[in-house]
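Atoms within each ligand, like the ligands themselves, are counted from 1 in listed order. Since we're looking at a predicted model, the values are computed, not measured.
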Amino acid sequence: RPPKIPELSSPSVCMRDPQRVEEIIKTMQKAGTSTIQVISDFDMTLTRFAYNGKRCPTSHNILDNSKLISEECKAQLKDLLNTYYPIEIDSKRTAEEKLPLMVEWWTKAHTLLVQQRIRKDLLQDVVKESDAMLREGYQLFFDHLQEHSIPLLIFSAGLGDVLEEVIRQAGVFHPNVNVFSNYMDFDETGVLKAFKGELIHIYNKKEGALLNTGHFQELKSRHNVLLLGDSLGDLTMADGVHSMENILKIGFLNDKVEERKTSYLNAYDIVLVKDETMEVPNALLLHLTSTK
Ligand SMILES: Nc1ccn([C@@H]2O[C@H](COP(=O)(O)O)[C@@H](O)[C@H]2O)c(=O)n1
Ligand SMILES: [Mg+2]
């Protein structure tokens with residue numbers, strides 16, 4: 001294990017191949033800060049999964065539980081969550097089996113949200129009044145990337161308008177941050193009428209809008225990627241990166257740990273088990289941006 005990163009010896013850290021991790025870190029550190037980009041999922045990756053034993057909300061949940069949603073609609077959204085979330089984290093079903101069901105979940109939820117005639121000008125209050133919580137250490141994470149001019153792409157199947165507000169209110173929506181997500185389309189009076197563009201769900205985080213935006217085109221010289229996710233669907237988030245040289249994949253394993261540990265260890269280089277902090281990603285970033 002890299003001796004300069006004691007956080008990698010924390011009990012929450014699991015690695016299938018620590019030597020390989022060490023090699024990737026060494027190569028990336030040698031290549032230098034100007035070659036690095038960070039691609040991160042949002043819900044349950046940059047935000048906490050639980051706090052004081054209670055689940056923290058996803059960007060969808062922030063809106064679902066808010067004053068902008070009728071009691072009847074809240075119950076319908078909750079039913080959807082109770083039906084589809086167990087499918088999302090079911091280790092016995094394949095991604096192919098889950099994909100159409102996930103599309104069904106997102107589509108039904110978005111249809112319900114549009115029926116609620118949500119007002120754009122109230123989203124700020126909704127986030128302020130919510131239990132949204134970024135992971136401990138988020139400030140250092142965002143500020144350090146900004147200080148070192150490292151681009152951060154947040155690639156989320158959540159609600160872009162809501163998640164942007166979360167990071168704005170936390171004071172970390174710096175100019176190096178780019179967000180790809182599901183954005184709301186409001187009519188001329190500021191009422192939600194639809195969702196923009198192609199739906200982003202947990203199993204298409206490489207297709208659609210993102211590949212045509214030129215985002216990765218602009219970052220052509222950044223061949224070294226630090227990827228952060230909490231779902232196996234997050235692993236394809238860097239697929240658009242041009243001539244990638246190294247990728248270090250960090251996965252937060254928040255729920256159903258025993259059932260899912262093997263698949264996470266096979267897919268992610270570093271697995272953080274029930275770790276609600278940014279300690280390990282931060283330690284890695286500090287190391288990668290150090291010149292020693
Ligand atoms: N109606 C929905 C649909 C999805 N979710 C959760 O959002 C997560 C996706 O957002 P990422 O930032 O992680 O891409 C996903 O894991 C679902 O559990 C939801 O809460 N409500
Ligand atoms: Mg997530």
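- Side-chain atoms of Asn282 do not come within 3.5 Å of backbone N or O of Glu279 as any donor-acceptor pair.
- At least one N/O/S atom of Asp41, from backbone or side chain, sits under 2.8 Å from the Mg ion (ligand 2).
- Ligand 1 lies out of reach of Lys108, whose nearest heavy atom is not under 4.0 Å from it.
- Note: His110 and Phe195 have parallel aromatic rings, judged against thresholds of 30 and 60 degrees for the angle between ring planes.
- Annotation: cation-pi geometry not satisfied between Arg135 and Phe141 (NZ/CZ under 6.0 angstrom from ring centroid, within 45° of ring axis).
- With a heavy-atom cut-off of 4.0 Å, Trp106 touches ligand 1 through its side chain alone.
- The N, O or S atom of Asp230 lying closest to the Mg ion (ligand 2) is OD1.
- Considering backbone and side-chain atoms together, Thr58 places an N or O closer than 3.5 Å to an N or O of ligand 1.
- What sits closest to atom 7 (O) of ligand 1 on the protein, heavy atoms only, is Asp43 OD2, 3.9 Å.
- Of all N/O/S atoms in Asp43, O sits nearest the Mg ion (ligand 2).
- For the pair Arg55 and Tyr85, the cation-pi test (distance below 6.0 Å, angle within 45°) is passed.
- If you number the atoms of ligand 1 from 1 as listed, the ones under 4.0 Å from a heavy atom of Ser156 come out as 10 (O), 11 (P), 12 (O), 14 (O).
- Ring orientation note: the planes of His215 and Phe180 are nearly perpendicular, at an angle over 60° on the 30°/60° scale.
- Formation of a donor-acceptor pair under 3.5 Å by the Arg222 side chain with backbone atoms of Ile36 is found in this model.
- A donor-acceptor pair is defined here as one N or O able to donate and one able to accept, closer than 3.5 Å; no such pair exists between the side chain of Asp131 and the backbone of Cys56.
- Shown in contact with Glu88 at under 4.0 Å from a heavy atom are these atoms of ligand 1, numbered in order with element: 15 (C), 16 (O), 17 (C), 18 (O).
- Atoms of ligand 1 found under 4.0 Å from any heavy atom of Ala109 (numbered from 1 in listed order, with element): 1 (N).
- With atom 1 (N) of ligand 1 as the reference point, the heavy atom nearest to it among Phe42, Phe155, Trp105 is part of Trp105.
- In this structure, the side chain of Lys98 engages the main chain of Asp90 through a donor-acceptor pair within 3.5 Å.
- In terms of polar-atom proximity, defined here as any N/O pair under 3.5 Å, Asp234 makes no such contact with ligand 1.
- If you number the atoms of ligand 1 from 1 as listed, the ones under 4.0 Å from a heavy atom of Ala157 come out as 9 (C), 10 (O), 11 (P), 12 (O), 14 (O).
- Relative to atom 11 (P) of ligand 1, the option among Asp64, Thr47, Asp41 with the closest non-hydrogen atom is Asp41.
- Side-chain contact between Leu46 and Tyr138: absent, with no pair of heavy atoms (C-beta onward) separated by less than 4.5 Å.
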